[in-house]
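Encoded as structure tokens, the structure appears first; notes follow it.
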Amino acid sequence: MTLLPVSGLSVLLLMGAQAAWAFDPELHRAYTRQAVAAWAGCASLLPEVGAALAAGTDAEDTGVLTAWQRLTHWHFYNRDGKLLPFWFIDRNIDRIFALRVEALEQLLQQKRPPITEVYEQAGRVLHYIQDMSVPAHVVPVFHVAGSADPFDSFKRRESLPAFSLSLDECQQLKAETATAPAYLHTLLNEAAESTLRAIGQRPSGPEMAENAWQRYWAWPARDPDEAAKGWGEYGTCTFALGPVNPGCKSEAELQAFFEQQYRQTLWNSVRVLAYLSRRVEP
Ligand SMILES: [Zn+2]
């Protein structure tokens, strides 16, 4: 086996660094803060603890200390177990997510869990769960900065109300949340599968028959080599506001789809908050 030439290696690493992004890194922090604000209506949470969770979701894309892990562990869902490791690079999230969950569990197992550290680590776990609402990270469609997925930077309409939870929803969250680390894996997988259903790429999805979202994120890729590696590809439509090409979704349909994925992200974020509250204050 020959060694990868240095230039090839650096290209690969550069691709890895950029492939790690899903939602704009700033958005992970912003969405997590919105979830913390909503959760504050359900339970008391020290401000520094909420800030630590938000910082953790951001750090998974930007932290200097974990830069090497980011290069070698990409943030793509391992759809049907097809996205296999390549050289020393894990193209799917399986291993890194398991590592983050395990590190969180070790903190929680301490006699007196260091709360701020617990929430920062939980933010790292939550980052991957949030990523699973971004179609390109689930289909999966490889993308790098420069050809970044427009969904990542899509702007939610400012006139829409802030995400909030009713008292009933608070109760429901507290009742339905499990207390075993397997729950976090369940949240990740359900978020990914729900995104696939939403774009009509799983049976029982709303548009399986028509599958117009296939024009945005197609699977499998047409190139048989790419398809065999587990990749999908972008279609002919772009998830962005502007002139609508024939066969593409209207502005209202894009807004509605984004809102649905946004709400999924926020719901999963408050589920993680409910999980933490059960784990650290049993
Ligand atoms: Zn990510």
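This chain uses plain numbering: 1 for the first residue, then up along the sequence. Every heavy atom of this structure was used, including side-chain atoms; hydrogens, water molecules and symmetry mates were not. Quantities reported herein were computed from a predicted structural model and do not represent experimental measurements. Order of listing sets the numbers, starting from 1, for every ligand and every atom in it.
- Contact annotation: Glu60 places no N, O or S atom under 2.8 Å from the Zn ion (ligand 1).
- Note: the hydrophobic cluster containing Leu241 also contains Tyr216 (ILVMFWY, side chain heavy atoms under 4.5 Å, direct or indirect links).
- Considering only heavy atoms from C-beta on, Arg157 stays 4.5 Å or farther from Phe258 through its side chain.
- For the pair Glu120 and Arg124, the salt-bridge criterion is met [side-chain N within less than 4.0 Å of a carboxylate O].
- Nearest N, O or S atom of His75 to the Zn ion (ligand 1): atom ND1.
- Cluster annotation: Leu46 and Val270 are assigned to the same hydrophobic cluster (Ile/Leu/Val/Met/Phe/Trp/Tyr, side-chain heavy-atom contacts under 4.5 Å, transitive).
- The closest side-chain heavy-atom distance from Glu169 to Trp267 is below 4.5 Å.
- Inclusion of His28 in the first shell of the Zn ion (ligand 1) is not supported: no N, O or S atom falls under 2.8 Å.
- Shortest distance from the Zn ion (ligand 1) to His127 is reached at NE2 (N/O/S atoms only).
- Here His137 does not reach the Zn ion (ligand 1): none of its N/O/S atoms is less than 2.8 Å from the metal.
- Looking only at its N/O/S atoms, Asp131 has OD2 as the one nearest to the Zn ion (ligand 1).
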